[in-house]
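Atoms considered below: every heavy atom in the structure, side chains included; atoms not considered: hydrogens, waters and symmetry mates. Here, residue 1 is the first one in the sequence, and each next residue gets the next number.
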Amino acid sequence: MKISYNWLQNHIEQKLPSPEELKEKIIFHAFEVESEERVGDDTIFDVKVLPDRAHDCLSHKGIAKELAGLLGLTLKTFDLPSLPTAPLSTKVEIQSDLVRRYMVIEMSGVKVGPSPAWLKDALESIGARSINNIVDATNLVLFDDGQPIHAYDADKIDGGIVIRLAHENEQITTLSKEEKKLTTEDLLIADYLGPLAIAGVKGGVSAEITTDTKRIIIEVANFEPTAIRKTSRKLGLVTDASKRFENELTPDIAYAAAQHVVSIIEKVAGGKVVGISDFYPRPVEVRKL
């Protein structure tokens with residue numbers, strides 16, 4: 001994963017060691033650093049996070065937490081506003097036990113457009129393409145917190161959201177304009193007309209965010225890891241989202257990630273939260289070692 005030195009610094013109270021010193025600490029005590037490069041006033045590390053640590057370290061926050069432990073530094077804490085508890089107007093149906101958590105937040109009054117420089121520069125520094133302010137906000141939280149998030153145009157969703165297994169040979173056109181044929185082993189996010197996204201893998205074009213979008217549905221979810229890996233490999237769609245889900249990302253971080261993405265969207269696109277639902281049937285138990 002591409003990791004920004006400046007981005008890491010945002011998570012640490014004290015001044016980090018120099019990029020060269022930090023690289024040595026990572027290599028000798030945590031992960032292999034496959035390369036590094038200067039991007040403006042930043043240093044970008046390509047950190048090889050192995051599968052045994054992918055559930056917690058495929059993010060800047062995860063790497064910062066690791067470094068704080070190694071170097072005796074203090075992680076910053078961020079006070080994010082609680083989400084409103086207004087009920088969601090959009091109906092959500094969960095029809096599969098492959099869903100471990102499914103949060104939906106509806107926002108109205110957003111204005112879709114180019115991202116501000118700070119958001120665009122943060123993503124582009126690690127090789128991610130800026131798309132628009134809504135999608136960029138979801139991607140920032142992905143690379144910062146490690147939680148994949150997807151946003152839909154709420155006005156393009158017919159009837160409600162249904163999380164179900166695909167029908168045999170059901171098809172979806174992905175956001176990358178690829179036609180994919182599905183089987184009954186693949187988990188879908190759908191509406192009453194058809195597929196909206198391949199759960200945990202890739203969004204579809206039918207509810208894509210555009211400059212005409214005024215209402216959005218934000219999906220902050222967690223899915224059974226083996227199912228996501230099988231679908232991802234079978235369809236040849238290995239994405240930033242699927243890599244995290246297949247390594248058993250904890251569903252416990254979803255709420256904080258939802259708070260984070262809403263705070264960014266309010267800042268860069270306006271709008272307000274008008275409804276929320278949170279399906280979390282088996283909460284993670286806190287364990288002490």
Side-chain angles (χ1 to χ4, degrees), residues 1-19 22-23 26 31 33-49 54 56-68 73-81 105 107 110-151 175 203 209 211 213 216 218-220 239-241 243-244 249 253-254 256-271:
M1 178 183 173
K2 296 290 181 68
I3 295 290
S4 156
Y5 177 88
N6 291 346
W7 198 328
L8 286 176
Q9 183 64 75
N10 291 336
H11 283 288
I12 302 291
E13 294 281 2
Q14 300 88 346
K15 180 74 175 71
L16 284 171
S18 69
L22 196 65
K23 176 185 173 183
I26 296 171
F31 308 107
V33 177
E34 297 189 305
S35 66
E36 65 176 298
E37 63 175 326
R38 292 289 296 176
V39 177
D41 64 348
D42 200 0
T43 299
I44 308 300
F45 305 108
D46 191 353
V47 180
K48 186 177 182 180
V49 179
D56 69 311
C57 282
L58 280 179
S59 66
H60 282 79
K61 186 178 289 184
I63 296 292
K65 187 181 291 186
E66 189 76 4
L67 290 172
L73 302 176
T74 306
L75 277 174
K76 288 182 182 178
T77 57
F78 299 93
D79 292 325
L80 295 170
I105 303 105
M107 295 185 70
V110 299
K111 185 174 182 180
V112 180
S115 291
W118 66 267
L119 177 52
K120 183 178 179 182
D121 291 347
L123 292 173
E124 291 183 346
S125 73
I126 58 171
R129 182 170 61 94
S130 175
I131 298 171
N132 59 53
N133 49 4
I134 302 293
V135 176
D136 289 358
T138 66
N139 285 335
L140 187 83
V141 175
L142 166 70
F143 295 119
D144 193 46
D145 297 5
Q147 169 68 54
I149 296 174
H150 192 69
L175 288 168
I209 301 291
T211 52
T213 300
I216 60 172
I218 305 166
E219 170 191 281
V220 187
T239 62
D240 289 312
K243 282 189 287 187
R244 285 156 179 82
L249 180 72
I253 66 171
Q259 291 175 287
H260 193 183
V261 76
V262 166
S263 70
I264 296 172
I265 290 173
E266 288 176 341
K267 184 186 299 183
V268 302

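- Taking both residues in full, the closest heavy atoms of Y5 and L16 are given as OH-O, 3.4 Å, listed atom of the first, atom of the second, then distance.
- Counting heavy atoms from C-beta on, the side chains of L142 and P148 come closer than 4.5 Å.
- Between V220 and A258, the shortest heavy-atom distance links the atoms CG2-CB, 4.0 Å.
- For the atom pair H60 NE2 and K2 NZ, the distance stands at 11.0 Å (nearest 0.5 Å).
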Review point. Could you walk me through whether I63 and F45 pass the side chain to side chain contact (heavy atoms under 4.5 Å, CB included) check?
Key: CA-CA 11 Å; I63 296 292; F45 305 108; over 6 Å; no
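- The minimum heavy-atom distance between G146 and I253, with the atom names listed, is C-CD1, 4.4 Å.
- For residues 128-144, the pairs satisfying side-chain hydrogen bond (donor to acceptor under 3.5 Å, both in side chains) are W7-D144, H11-D144, S115-D136, S130-D136, with sequence neighbours left out.
- The closest side-chain heavy-atom distance from I149 to E219 is not below 4.5 Å.
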Practice item. Take I134 and I265 through the side chain to side chain contact (heavy atoms under 4.5 Å, CB included) test and state the conclusion after the steps. Key: CA-CA 6 Å; I134 302 293; I265 290 173; 3.8 Å; yes
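- Taking the side chain as every heavy atom from C-beta outward, H150 and L175 approach each other to under 4.5 Å.
- Taking CD from Q259 and CD1 from I264, the interatomic distance works out to 12.0 Å, rounded to the nearest 0.5 Å.
- Scanning both residues, L80 and S263, for their nearest heavy atoms gives CD2-OG, 3.9 Å.
- For Q147, the side-chain hydrogen bond (donor to acceptor under 3.5 Å, both in side chains) test picks out no residue, with sequence neighbours left out.
- Remark: Q14 pairs with T74 by the side-chain hydrogen bond (donor to acceptor under 3.5 Å, both in side chains) rule, at least two apart or across chains.
- Open room surrounds NZ on K267; 12 or fewer heavy atoms of other groups in view lie less than 6.0 Å from it.
- At least one side-chain heavy atom of I209 sits under 4.5 Å from a side-chain heavy atom of I216.
- Side chains of T43 and E37 form no contact here, defined as non-hydrogen atoms less than 4.5 Å apart.
- Nearest approach of I12 to A64, heavy atoms of both residues: CD1-O, 3.7 Å.
- Side-chain N/O atoms of D42 and S4 include a donor and acceptor closer than 3.5 Å.
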**Study point:** Stepwise side chain to side chain contact (heavy atoms under 4.5 Å, CB included) test for F143 and M1
**Key:** CA-CA 9 Å; F143 295 119; M1 178 183 173; 4.0 Å; yes
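- Annotation: side chain of M107 is in contact with side chain of I218 (closest heavy-atom distance under 4.5 Å).
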Exercise for review: Evaluate side chain to side chain contact (heavy atoms under 4.5 Å, CB included) for I3 paired with I126, printing each intermediate quantity in order.
Suggested key: CA-CA 7 Å; I3 295 290; I126 58 171; over 6 Å; no
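- Residues satisfying the salt bridge (Lys or Arg N to Asp or Glu O under 4.0 Å) criterion with K243, sequence neighbours excluded, are D240.
- Of all heavy-atom pairs between K48 and F31, the closest is O-CB, 3.6 Å.
- In this structure, L58 CG and R244 CZ are separated by 5.0 Å, a value rounded to the nearest 0.5 Å.
- The shortest distance between side-chain heavy atoms of W118 and L140 falls below 4.5 Å.
- Partners of S125 according to the side-chain hydrogen bond (donor to acceptor under 3.5 Å, both in side chains) rule, which considers only residues two or more places apart in sequence or in another chain, do not exist here.
- Scored by the side-chain hydrogen bond (donor to acceptor under 3.5 Å, both in side chains) test, K23 finds E36 as partners (sequence neighbours excluded).
- Side-chain contact between L67 and L73: absent, with no pair of heavy atoms (C-beta onward) separated by less than 4.5 Å.
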